[in-house]
Amino acid sequence: MIDLELIRREPEKVEANLARRRNPDYLRLLTEARAADAQWRSALRVADNLRRRRNELSHRMAEARGQGGPSPELTAEAKSIPDQLKTTEAGERELRKTRDALLRRLPNLLDDSVPYGKDDSENVVVATWGTPRPGGVGLRSHGELLEALGMGEFERAHRASGSGFYYLSGPFVLLDLALQRFALDLLVSRGFTPVAPPYMLRREPYEGVTDLADFENVMYKVEGEDLYLIATSEHPLAALHMGEILDEDTLPIRLAGVSMNFRKEIGGHGVDQKGIFRTHQFSKVEQFVFCRPEQSPEILEELRTNAEEVFRRVEVPYRVVNVCTGDVGTVAAKKYDVEAWFPRQQAYREVVSCSNCTDYQARRLGIRLGKAGRPEKSVPHTLNSTAVATSRALAVILEQYQRPDGSVTIPEVLRPYLGGMAALNPPSQGAPDPGPARTRRRPAPSRQGK
RNA sequence: GCUGAGGUAGCCUAGCCCGGCAAGGCGCCAGUCUUGAAAACUGGUGGGGUUUCCCCACGGGAGUUCGAAUCUCCCCCUCAGCGCCA
């Protein structure tokens, strides 16, 4: 949420900033919000005056109590007030709600360094690393490859849970865990505290961290409960300090969230037919930081460096883009995407999103800055960045590291987490097909010591 | 799920039974004093508004009343015990 005081004090500045997002709806929202605010203020004055009169009268009635009781005139006026107040207050409340609803729909103010542009085609490449592997005739998609390896089940998953779900199995599961552990170790070495957050949040904190459209398009709601499955651990990590006053001396707070994430993925490009690039659930190690306002630009670069480091060490070529004004999300003031090179697709595709949300989330969540016993009006900044979303990272690894014989080399840096395993190998061709696992009868375990 | 206890300002607490300006302590800020600090003393320390003043705020909402932290009803959350449970 944008600071209302700033909107009142420097409306032109806010308007100019919102205009950079190239969505006229925002300017209209701003105009409506300002109008609603002005109306609310005048309604508030009327209500305040009525309440003031009510207070005067009831004090006088209290005084008159010991002295023969209040006069009939006094009583009559006092009794006339509640009805007037009721309608006035209802109007005032309505205006305030309208104003606040409008304010909440306004996106964050953009940082000046965000390039001006209409959509993702105008994002600006700010860094590239590695040499993109050339495409080849035999290159297989990561989904096909997984099936051939016998380590991914898509049709069965679709039957059981619907499209957008998958079964992973065998060494690939270990590779997934290895990647998470590798990223986590990297973050811990850089001062992050690992956090395993709740996978469900109530609506109230959720409204603090995301925009309303997400409730429709992204989040799964638990039926009959005020709970939503998290779309990213960013959300519960932000809510961790909801309603608190953060001691400035303890900042920045660096957290490494580890969680499964759940997304409906309605709209957009939908889920892929086969594979794990865009799915309804995926694992992610996330960087999240609470900091003082002046620290956030520097920390954004820090988070970006960490995310790049993951892909460098795994040796996957990538580039970094500074996301342009028309493409930055609602809550971010500035965002970098890391895009990895997918050799079969011959394209860079997003694997990391790294955002500075400035005070937008923190204000909505009621988080303030302060020192012991001295809360301040100022609000901390929050930042978040993927360290590694394993589904996407594994997809790119499969494309990048596949070999003509259908096996996949395991990146050097992950091998220590896999007991030295160097490759994912397809089922050996010479060996006889073991067929479905035989049901073995085991003797019922004897129950001793009972 | 059941039963009980709770939710008051940055924190802790009183007020609730029996309606009449939210009291006190801690912390914090400022001032006096001091070479400096501590202590002591004095004042301040939630949000809003058209700011010498006024309004709001006691988990949220509705109701009763001239007047509600206080009475009534509904809801939310936390804690404890019990139940269920990997």
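These numbers come from a predicted model, not from an experiment. Note on naming: letters A, B, ... go to the chains in the order of the sequence lines (proteins, then strands), and numbering restarts at 1 for each one.
- Distance CD1/A/I2 to CG/A/L109: 4.0 Å, rounded to 0.5 Å.
- At B/rC54, none of the side-chain N or O atoms of A/N49 fall inside 4.0 Å of OP1 or OP2 (strictly under the cut-off).
- By the neighbour-count criterion of 12 heavy atoms within 6.0 Å, atom CZ of A/R181 is sparsely surrounded, having that number or fewer from other residues, nucleotides or ligands.
- For A/H59, the side-chain atoms get nearest to B/rC21 when compared with the rest of B/rC21, B/rG48, B/rC66.
- Checked against B/rG10, B/rG48, B/rG20, the side chain of A/L44 finds its nearest nucleotide in B/rG48.
- What separates CD1 of A/I367 from P of B/rG10 is a distance of 16 Å, to the nearest Å.
- Atom C1' of B/rA57 sits at a distance of 15 Å from the matching atom of B/rG61, rounded to the whole Å.
- One can place CZ of A/R52 at 7 Å from C1' of B/rC53, the figure rounded to the nearest angstrom.
- When the P atom of B/rA57 is taken as reference, atom CZ of A/R96 falls 10 Å away, rounded to whole Å.
- Heavy-atom distances to RNA chain B give each of A/E89 and A/S42 a nearest nucleotide, and the one nearer the 5′ end belongs to A/S42.
- Among the nucleotides B/rG20, B/rG48, B/rC56, the one closest to any side-chain atom of A/S58 is B/rG20.
- Separating the C1' atom of B/rG25 from that of B/rU13 is a span of 8 Å, rounded to the nearest Å.
- Set against B/rG20, B/rG48, B/rG63, the side chain of A/K86 has B/rG63 as its closest nucleotide.
- Two residues, A/A47 and A/P82, neighbour RNA chain B, and the one matched to the more 5' nucleotide by heavy-atom proximity is A/A47.
- B/rC18 and B/rA86 are spaced 48 Å apart, taking the P atom of each and rounding to whole Å.
- Rounding to the nearest 0.5 angstrom, the gap separating the OG atom in A/S385 from the CG atom in A/N306 is 8.0 Å.
- Taking only side-chain nitrogens and oxygens, A/R53 never comes nearer than 4.0 Å to OP1 or OP2 of B/rG67.
- In this entry B/rU42 has B/rA30 as its Watson-Crick or G-U wobble partner, both defining distances falling under 3.5 Å.
- Nucleotides B/rG20 and B/rA68 place their C1' atoms 10 Å apart, quoted to the nearest Å.
- The base-pairing partner of B/rA57, taking Watson-Crick or G-U wobble contacts with both distances under 3.5 Å, does not exist among the strands shown.
- The backbone N or O of A/N108 sits less than 3.5 Å from a side-chain atom of A/R21, completing a donor-acceptor pair.
- Using a 4.0 Å cut-off, no side-chain N or O of A/N55 falls inside it from OP1 or OP2 of B/rG20.
- Taking the P atoms as reference points, B/rC66 lies 38 Å from B/rC12, given to the whole Å.
- A donor and an acceptor atom, one from each side chain of A/K284 and A/T232, are located under 3.5 Å apart.
- Pairing for B/rG1 goes to B/rC82, judged as Watson-Crick or G-U wobble with the two contacts each under 3.5 Å.
- Across all strands shown, B/rG20 forms a Watson-Crick or G-U wobble pair, both distances under 3.5 Å, with B/rC66.
- Across B/rC58 and B/rG15, the matching C1' atoms stand 10 Å from one another, rounded to whole Å.
- Residue A/E294 holds its CD atom at 8.5 Å from NE2 of A/H381, rounded to the nearest 0.5 Å.
- A/L110 contributes atom CG, which lies 6.5 Å from atom OG1 of A/T325 (distance to the nearest 0.5 angstrom).
- Considering CZ of A/R254 and CG of A/L303, their distance stands at 8.5 Å, rounded to 0.5 Å.
- Of the nucleotides present, none pairs with B/rA14 by Watson-Crick or G-U wobble criteria with both distances under 3.5 Å.
- Using a 4.0 Å heavy-atom cutoff across all strands shown, A/R54 reaches sugar-phosphate atoms only and no base atom.
- At the phosphate of B/rG67, neither OP1 nor OP2 sits under 4.0 Å from any side-chain N or O atom of A/K79.
- As rounded to the nearest Å, B/rA37 and B/rC28 have P atoms that lie 15 Å from one another.
- On the C1' atoms, B/rA80 is 28 Å away from B/rC71, given to the nearest whole Å.
- In this structure, A/R104 CZ and A/D100 CG are separated by 8.0 Å, a value rounded to the nearest 0.5 Å.
- Side chain of A/R368, nearest nucleotide from B/rC54, B/rG10, B/rG67: B/rG10.
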Please list each protein N or O that sits under 3.5 Å from an N or O in nucleotides 75-77 of chain B, with the distance.
residue : atom : partner : partner atom : Å
B/rC77  : O3'  : A/R202  : NH2          : 2.7

